[in-house]
Amino acid sequence: MWGSVVIGLASTAPVYSLVATLGFVVLAVGAQAPIAFVLAFLPMLFIAFAYRELNNAVPDCGTTFTWGTKAFGPWVGWMGGWGVAVAGMVVLANLAQIAGIYFWSLFGDGSLSENVPLVTATGVAFIAVMTWVSWRGVELGERLQNILLALQYVVLAVFVVAALWRFFDGSAPDPTPFDIAWFNPFAFTEWSGFTEAVLLALFIYWGWDTCLALNEETRDPTRIPGRAAVLTTVILLLTYVGVTVAAMMYAGLGETGSGLGNEANADDVFLALRDGLFGPFGWVLVVAVLISAVSSTQTTILPTARGTLAMAAYKALPARFGTVHPRYRTPSFSTLVMGVVASLYYVGMTLISDNILQDSILSLGLAIAFYYAITGYACVWYFRRDLFTSARNLVYRGILPLAGALMLTYAFVQSAVDMYDVDYGYTVLLGIGGTFVVGIGALAVDVVLMILWFLFPGSKPFFRGESLNRDTPVLVPEDPADYVRSVDGGLA
């Protein structure tokens, strides 16, 4: 359980997530930032229940791909699996860039962090190292994540304590007493600001589902991963709300200086507050962001590699993706491919235009909302015959997953509408917002690749519903020793 929760938390990169979104959420809704994080938590919690229920019945590392296929058939399942892959590839490029920038900002006057070739090479090096860790074994990765996550939470704890200490001793730059109205969901003055804040907050919760992708490698795979997912989302809620409240009490919402309402601080609130809180030890916050990005790089590789492993096992991808290392018991080929593809994508986007890279990152919410929503709908439809057998089933397999899926569907549509505007991101492509083109384009590539695979002779068992359907038995044995490698690289 502990290892699953650690990996789930590490995947969300809590320190970096706060750095990237807190300032923009405050700019969108001001003092209602805490309740924005709470409201964004609700669809995540509801979808976590969907993951838990589906995992209890079908513990499979393919997660959305497998469950979507069992519920709605091969076409929907394949698209859900691609949604997971797109999100992982894009965020890996983002994390690599952040890791490179923060690493070189620790040296000299920080000017090296503006050297694009140096930062890019460093980011690729981080991806390579974390790909090796993931390839080497999940146990090694878990031990490393224990250390990295502990360091992140120590820094966050020091941040909260220091901020509250300065508030109570009167040395805060803009001491702002706690107000219960910060948690009033009816105090939003503009609907557009509310939706923007919640959509931003959705991003920082993403990643908890990694512990479900490791279900086949977890003790008691039908129970522990699902419980870990729910627990992870709750811990994230407490973390984000706690840090937000402490920052607001310390720095206030002013539009100048270190105020959280200062647009100049939006890109990195911690950077604006570090000297006042940490003094000569301000570099500690920089290291925490670096650790957070590097940590999430490794855990982001895990679910994508295991998703493509499952797709190969059910003949939705070439059999080579189903190769498992005979010694380390990891999806070796899928892991290496993920690292190589993410590196090529990062370097390619950097060479073409850094602005397009940034737009691809901004569009990430579309892929996240897409495959989370598929999971929620899949839960309701897969268990449709059992919903009214008990109150528990109706709530956890029906009402909550459906509510989460509907919320995320709205988030997807609203995000797409916002991204269509030419002023939304950094680029304009085809006369519309570049973020929209990149985000929807990535999902459109899903359809193209799916059709190409459909035309491949080896895909027929999958698309005919023979290799994976509702009645396909779970491939996770009670005893791990029962795993047997077959000649074609699948599971027998």
Side-chain angles (χ1 to χ4, degrees), residues 62-65 67-69 71-94 199 202-203 206 300 303-304 307-308 310-312 316-318 321 337-338 340-342 344-378 405 408-456 459 462-463:
T63 60
T64 299
F65 158 74
W67 302 329
T69 302
F72 300 121
W75 298 92
V76 174
W78 210 99
M79 292 180 69
W82 176 254
V84 177
V86 167
M89 179 180 64
V90 173
V91 83
L92 270 176
N94 174 230
L199 290 172
L202 282 176
F203 165 74
W206 174 64
T300 300
T304 309
T308 50
M311 293 179 76
L317 280 179
F321 283 89
V337 167
M338 182 59 187
V340 171
V341 170
L344 292 176
Y345 175 79
Y346 173 38
V347 173
M349 287 294 99
T350 302
L351 291 175
I352 296 172
S353 170
D354 185 65
N355 287 338
I356 295 181
L357 174 61
Q358 298 308 315
D359 275 349
S360 72
I361 294 164
L362 289 176
S363 70
L364 184 62
L366 293 178
I368 296 171
F370 178 76
Y371 82 82
Y372 274 171
I374 286 179
T375 307
Y377 291 127
L408 289 166
T409 300
Y410 171 77
F412 180 91
V413 174
Q414 184 63 51
S415 294
V417 171
D418 292 342
M419 292 172 185
Y420 192 86
D421 192 323
V422 294
D423 296 325
Y424 185 89
Y426 296 89
T427 59
V428 177
L429 299 174
L430 306 177
I432 58 179
T435 307
F436 177 88
V437 174
V438 173
I440 297 299
L443 295 177
V445 171
D446 175 11
V447 178
V448 175
L449 293 177
M450 182 169 55
I451 292 174
L452 290 176
W453 179 245
F454 174 76
L455 298 175
F456 191 78
S459 70
F462 174 72
F463 285 105

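Residue indices begin at 1 and follow the sequence shown.
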Find out whether I432 and Y424 are in side-chain contact, i.e. whether some heavy atom of one side chain is under 4.5 Å from a heavy atom of the other. no

Taking the side chain as every heavy atom from C-beta outward, state whether V90 and Y345 have any atom pair closer than 4.5 Å. yes

Just how far is it from atom CD1 of I374 to atom CG of L408, taken to the nearest 0.5 Å? 11.5 Å

Knowing that exactly one of T427, V428, L429 qualifies, which makes a side-chain contact (heavy atoms from CB on, under 4.5 Å) with V422? V428

Criterion side chain to side chain contact (heavy atoms under 4.5 Å, CB included) on V91 and W206, from CA distance to verdict: CA-CA 11 Å; V91 83; W206 174 64; 3.5 Å; yes

For the pair T308 and M338, evaluate side chain to side chain contact (heavy atoms under 4.5 Å, CB included) and give the outcome as yes or no after the intermediate values. CA-CA 9 Å; T308 50; M338 182 59 187; over 6 Å; no

A87 to I368 - nearest heavy-atom pair and separation: CB-CG1, 4.5 Å

Assess whether side chain to side chain contact (heavy atoms under 4.5 Å, CB included) is satisfied between T409 and Y377, documenting all intermediate values. CA-CA 10 Å; T409 300; Y377 291 127; 2.7 Å; yes

Residue pair M89 / T304, side-chain heavy-atom distance below 4.5 Å: no

Can you find a pair of side-chain heavy atoms, one from W82 and one from M311, that are under 4.5 Å apart? no

Given side chains that start at C-beta, do those of T63 and T375 come closer than 4.5 Å, heavy atoms only? no

Check the angle between the aromatic planes of F454 and W75 and answer parallel, tilted or perpendicular using the 30° and 60° thresholds. tilted

When rounded to the nearest 0.5 angstrom, what distance separates CG in D423 from OG1 in T435? 11.0 Å

Minimum heavy-atom separation for A373 to A405, with atom names? O-CB, 3.7 Å

Interatomic distance, OH@Y371 vs CH2@W67, rounded to 0.5 Å, equals 11.0 Å

So how far is it from L364 CG to D359 CG, rounded to the nearest 0.5 Å? 12.5 Å

Let me see the working for L366 and F436 under side chain to side chain contact (heavy atoms under 4.5 Å, CB included), right down to the final yes or no. CA-CA 9 Å; L366 293 178; F436 177 88; 5.7 Å; no

Distance col, row M419:CE vs D421:CG, nearest 0.5 angstrom, shows 12.0 Å

Counting neighbours of OH on Y426 that are heavy atoms of other residues, nucleotides or ligands and sit closer than 6.0 Å, is the number greater than 12? no

Locate the shortest heavy-atom distance separating A312 from P318; write the atom from each residue and the value. CB-O, 3.4 Å

Where is the tightest heavy-atom contact between G83 and F370, given as atom of each residue plus distance? CA-CD2, 4.4 Å

What residue among F456, W453, F65 forms ring-ring contact (aromatic ring centres under 6.0 Å, His included) with F462? F65

Heavy atoms of T69 and G77 approach each other most closely as OG1-CA, 3.2 Å

